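What follows is a single structure, written as C-alpha cells, with notes after it.
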Amino acid sequence: MIVKGLGAWGWGLAVLRLTLAGAGGWGLAVALAVFAASRLIVAQAPPDWKALEDEMLRHYQAVLRLDTTNPPGNERIAVEYLKQVLDAAGVPNQIFALDANRPNLVARLKGSGKKRPLLVMGHTDTVTVDAAKWQHSPFSATREGGYVYARGAVDDKDNLAAALMTMLLVKRHAVPLDRDVIFLAESGEEGNSNFGIQYMVAQHYPEIDAEFCFAEGGGVTRIGGEPKFATVQATEKIPRGIELVAKGISGHGSVPLPSNAIVHLASAVAKIGQWRPDVRLNETTGTYFRRLASIAPPDTAAKYRDVLSADPKVRAAADDWLFEHEPQHSSMLRTSVSPNIFAGGYRSNVIPSEAKATLDVRMLPDEDPAKFLAEVARIINDPAVEARFGAQNTRPPGVAARADSEPFKAIEAANRRIYNVPTLPTMSTFATDMAQLRARGMQCYGIGPAVDLEDGPKGFGMHSDQERLLESELYRFMRFTYEVVVELGGVR
Ligand SMILES: [Zn+2]
C-alpha cells in the first residue's frame, strides 16, 4: 500500500494499490484513489479488541440460542436478555410493546445535545427453519472451523449483538458524546413490522427520532477469503404483491372450453415471465455500478459500464448478460416481477371457474404503483384476467440516504481502515425496517460484517437452510460498529 500526498489540513489523498487475488477472475491489481482516514477517531484509549472477543461471542451466542423464529416471533425472550445485560451495565432502557410477547427495546446514552441523535438497530426475530436440513441444531450456535452456525447468524443477530456491544463499550469507556446514541432492538422485521418498526414510528417516534440510523443490509464482500469491497445500503426496493385472477366458465372436463381459467392464467403468467420491465437507474445504483466497474475484472467491468450506457442496444446486451449470470444485479436495474404462486382447480374432471397467481413485485423506490399495475394489464392483454394489488404488508417509499454525508464518510473511512476496501452505496432488492424511518426523513445506512461471496450460493446465507458467520468477522464488525458510532456521535 502506497500512501502519499497528505494534505496540510488533515485530509489526504491516498493512492492505494489493492491486489485483488482470488476466485471468480477477480485476480487483478487495481489502482484506487481513495480518501485516507481523516484523523484519529477515538480520543480515549481505544478498546482492547482482542480482550473483548470472548464477551462479544458470549452475547452473540446467547441471542442466537433464543428461538425467535417468526412466526410466532416470541421476541420477548431476546428483549429480556438484552434488558438484563443493559441494566447490569447501567445503560438506561425501556420496553415498548403492542403485544407483550413481541416487545421492542430502546436504550439511550445521552450526549450533550449539540447534534441530533444517532440510532443503531438490530431486529430480534428470525425467519423459520427446516431443522432437518441443518447439520448443527439451528439454535445451538455451534462453533466449528472458525464459524458460528445458527439461524440469525447473519440476519440479524450479528447487527443486534454488535449494536449491544457498542452501547456497552460507549458506556464503559464513558465516551463523551455530542449526540445521543439510541439502540433499538425491534421485533417483527420478518413480515410483521406492525409489532416492530411500524408501531414504534406510529406510537413512540420521539423515542427513536434521530438524524441518522444504522441497520442491516450492507457489509463487506470477501472473495477467495479476502475482503474486496464494502456495500452500504442507502435505499431499497418496495415490495408489492400483484394477484392475477382469471375467470371463465366452469364445466365438465370432458368438454374443453375456450374460456378455461387455467389456460388463460397460464398464458398471462407466461407473458409476465418473459417480460423484463425497463431498465431505470437512480443515483444510488448509478454510483454502485460505476464504482463496481472500477474494481471488477475487465470482462465483468465492461458489463457494469454498459448498463450505464446511453445507447439502448449496448444497455440491453449488458442487461441480458446480467439476467443470466448475475440475477441480483439484474433486479437492481428495474422493478422486478417474479410469479411465485399459481393456484387453480380442484379435481381432474371439473373445469374451474377461477384460477389465481401471485406475483412478487419489487418496485424501484420511485415507481408509480398505479401506472405499473396498468402496465402489467397491458402486457397480459386478456380481459379474462384481472390484475390487482394483493393485501400483503408493504413498506412506504422514502428518500435515499446520501453518499456524501457525514455517516457515509465515517463508514467509508472505517472500511478503508479496518478492511482496506472501497465502499459502494447500494440499493437492496429486499426490504428492511429502514423504509419506515426513511419515510420520516431519516438518513439510514445498512451495514454488516464481512461474508464470503461464495457462502450464499453454498447455502449458508441469510434465510438459507443453514446460516453462519466467521467468528473473526464478528469481531471485526464489533470494532467497525463501535468506531463508526464514536466517529459520528463522539465529541469533536
Ligand atoms: Zn433481517
Side-chain angles (χ1 to χ4, degrees), residues 60 63-64 66-75 78-79 82 102-105 119-129 138-139 141 148-164 183-201 208 213-221 231-239 328 331 360 362 392-396 398 401 426-438 442 444-451 455-456 459-469 473-474 477 480-481:
Y60 182 57
V63 289
L64 288 172
L66 300 169
D67 178 353
T68 52
T69 49
N70 179 13
N74 194 30
E75 296 92 336
V79 162
L82 298 171
R102 314 205 64 178
N104 305 281
L105 178 140
L119 173 66
V120 190
M121 302 160 63
H123 65 83
T124 47
D125 60 326
T126 69
V127 290
T128 48
V129 294
F139 306 103
V148 178
Y149 289 81
R151 174 56 88 217
V154 288
D155 182 14
D156 183 31
K157 288 176 173 173
D158 47 343
N159 284 56
L160 184 71
L164 172 67
F183 167 42
L184 168 64
E186 82 277 22
S187 64
E189 196 276 340
E190 303 288 358
N192 311 91
S193 53
N194 54 311
F195 294 111
I197 197 66
Q198 212 172 298
Y199 167 70
M200 290 306 296
V201 167
I208 55 168
C213 95
F214 294 141
E216 63 185 328
V220 174
T221 299
T231 55
V232 176
Q233 197 249 49
T235 185
E236 59 189 52
K237 294 175 102 177
I238 304 165
Q328 176 75 24
S331 176
D360 185 0
R362 303 296 173 127
Q392 94 182 57
N393 261 353
T394 182
R395 304 261 189 177
T426 190
M427 174 182 75
S428 64
T429 53
F430 54 85
T432 73
D433 278 351
M434 287 183 280
Q436 277 84 349
L437 298 169
R438 289 195 183 114
M442 213 184 279
C444 290
Y445 297 89
I447 57 174
V451 295
D455 234 27
F460 295 109
M462 54 172 76
H463 298 207
S464 289
D465 271 337
Q466 296 201 68
E467 204 176 325
R468 70 182 183 185
L469 177 64
E473 293 303 352
L474 174 71
F477 185 53
F480 172 90
T481 307

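Small disclaimer: the values here were computed from a predicted structure and weren't measured. First listed ligand is number 1; within each ligand, the first listed atom is number 1.
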Subject >> Working for side chain to side chain contact (heavy atoms under 4.5 Å, CB included), residues D155 and H123 >> reply: CA-CA 8 Å; D155 182 14; H123 65 83; 3.0 Å; yes
**OP:** For residues M121 and L437, determine if any side-chain heavy atom of one lies less than 4.5 Å from a side-chain heavy atom of the other.
**Re:**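 Answer yes - side chains close enough.
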Original post:
Who pairs with T432 by side chain to side chain donor-acceptor pair (under 3.5 Å), at least two apart in sequence or on another chain?
Top reply: E236
**OP:** Begin from the C-alpha positions of R102 and E190 and carry the test salt bridge (Lys or Arg N to Asp or Glu O under 4.0 Å) through to its verdict.
**Re:** CA-CA 12 Å; R102 314 205 64 178; E190 303 288 358; over 6 Å; no
Which N, O or S atom of [X] lies nearest to the Zn ion (ligand 1), by name:
| X | answer |
| --- | --- |
| H123 | NE2 |
| D155 | OD1 |
| E216 | OE1 |

Subject >> Backbone or side-chain N/O/S of D156 under 2.8 Å of the Zn ion (ligand 1) >> reply: no
